[in-house]
Amino acid sequence: QVQLVESGGGLVQAGGSLRLSCATSGGTFDMYAMGWFRQAPGKERDFVAAISRSGRTTNYADSVKGRFTISRDNAKNTVYLEMNSLKPEDTAVYYCAAVRALGGLGNSYYSVQWYDYWGQGTQVTVSS
């Protein structure tokens with residue numbers, strides 16, 4: 001059973017930065033593609049970023065492209081989300097997700113249904 005624990009959320013001013021971490025356990029980390037999603041109050045859980053097993057392939061939502069960077073350290077069993085130039089509309093609970101994958105991200109990386117394991121979420125609040 002794979003366990004995912006997010007950390008690093010908090011309150012930041014617009015234009016600032018945060019680094020989220022997702023620590024994993026209970027599985028073979030480099031067998032999993034990883035994703036970040038976010039959910040604001042009253043809204044659907046939306047795709048933010050995904051990274052392949054090797055880290056060679058990344059994909060981003062248009063809304064965060066150029067501002068956020070997903071990365072992974074397979075030696076530490078951890079995936080990260082560096083968030084820069086934060087905007088109030090980035091305010092949400094951010095969730096880490098994992099799914100066993102064969103190689104690249106394919107064509108389902110943006111879908112919540114593709115992922116089998118989820119963390120508890122960490123709150124990110126961006127003030128104006």
Side-chain angles (χ1 to χ4, degrees):
Q1 182 74 8
V2 175
Q3 306 290 330
L4 310 176
V5 180
E6 303 97 332
S7 62
L11 176 64
V12 65
Q13 291 183 304
S17 299
L18 283 174
R19 186 200 200 197
L20 306 184
S21 298
C22 175
T24 73
S25 61
T28 303
F29 182 65
D30 63 5
M31 295 290 292
Y32 292 85
M34 304 293 296
W36 286 97
F37 290 74
R38 65 188 182 186
Q39 188 167 22
K43 295 187 176 181
E44 300 291 327
R45 187 170 299 188
D46 290 329
F47 169 74
V48 176
I51 189 166
S52 64
R53 290 170 57 187
S54 67
R56 293 189 181 96
T57 302
T58 58
N59 287 297
Y60 299 91
D62 288 342
S63 59
V64 307
K65 196 172 299 181
R67 299 189 297 121
F68 291 10
T69 302
I70 187 171
S71 62
R72 66 192 296 159
D73 186 338
N74 286 357
K76 297 184 184 298
N77 298 332
T78 301
V79 64
Y80 305 95
L81 186 68
E82 297 279 355
M83 304 185 295
N84 300 310
S85 301
L86 283 162
K87 305 173 180 179
E89 51 262 46
D90 295 318
T91 296
V93 176
Y94 283 71
Y95 296 91
C96 179
V99 62
R100 294 190 67 170
L102 295 177
L105 291 174
N107 59 6
S108 300
Y109 60 87
Y110 58 86
S111 174
V112 298
Q113 284 76 24
W114 191 48
Y115 297 86
D116 293 321
Y117 305 99
W118 294 85
Q120 83 289 347
T122 186
Q123 177 71 47
V124 172
T125 303
V126 184
S127 63
S128 60

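On a predicted model such as this, the values are computed, not experimentally measured, just so you know. We count residues from 1, following the sequence as given.
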What pairs meet the disulfide bond (SG atoms under 2.5 Å apart) rule with one or both residues in [range], with sequence neighbours excluded?
range	result
residues 46-95	none
residues 29-71	none
residues 33-128	Cys22-Cys96

Quick one: [atom1] on [X] to [atom2] on [Y], what's the gap to the nearest 0.5 Å?
X	Y	atom1	atom2	answer
Gln13	Leu11	CD	CG	8.0 Å
Thr58	Lys65	OG1	NZ	9.5 Å
Lys76	Thr24	NZ	OG1	12.5 Å
Ile51	Thr57	CD1	OG1	8.5 Å

What is the minimum heavy-atom distance between [X] and [Y], and which atoms define it?
X	Y	result
Tyr60	Ile70	OH-N, 2.9 Å
Thr78	Ala23	OG1-CA, 4.2 Å
Phe68	Val48	CD2-CG1, 3.7 Å

In chain order, what residues pass the side-chain contact (heavy atoms from CB on, under 4.5 Å) check against [X], with sequence neighbours excluded?
X	answer
Ser25	Gln3
Ser85	Arg67
Thr28	Asp30, Met31

(request) Quick one: which residue pairs count as a salt bridge (charged side-chain N to carboxylate O under 4.0 Å, His left out) with a foot in residues 5-22, not counting sequence neighbours? (result) Arg19-Glu82
(message) Quick one, Tyr95 and Val93 - any side-chain contact, counting heavy atoms below 4.5 Å?
(response) yes
With sequence neighbours excluded, tell me which residues meet side-chain hydrogen bond (donor to acceptor under 3.5 Å, both in side chains) with [X].
X	result
Thr125	Gln123
Asp46	none
Arg100	none

(message) Does atom CD (Glu44) have a neighbourhood of more than 12 heavy atoms from anything else shown, all under 6.0 Å?
(response) no
Output side-chain donor-acceptor pairs under 3.5 Å for residues 102-118, partner residues at least two apart or in another chain, one line each.
residue: Ser111; atom: OG; partner: Gln113; partner atom: N; Å: 3.2
residue: Ser111; atom: OG; partner: Gln113; partner atom: OE1; Å: 2.8
residue: Tyr115; atom: OH; partner: Tyr109; partner atom: O; Å: 2.7

List the atom pairs, with distances to 0.1 Å, where a side-chain N or O of residues 32-41 and a protein N or O form a donor-acceptor pair under 3.5 Å, not counting sequence neighbours.
residue: Trp36; atom: NE1; partner: Tyr80; partner atom: O; Å: 3.4
residue: Arg38; atom: NH1; partner: Asp90; partner atom: OD1; Å: 2.9
residue: Arg38; atom: NH1; partner: Tyr94; partner atom: OH; Å: 2.9
residue: Arg38; atom: NH2; partner: Ser63; partner atom: OG; Å: 3.4
residue: Gln39; atom: OE1; partner: Arg45; partner atom: NE; Å: 3.3
residue: Gln39; atom: OE1; partner: Arg45; partner atom: NH2; Å: 3.4
residue: Gln39; atom: NE2; partner: Lys43; partner atom: O; Å: 3.1

(request) Please name the residue in the list Val126, Leu18, Val12 that meets the side chain to side chain contact (heavy atoms under 4.5 Å, CB included) test with Met83. (result) Leu18
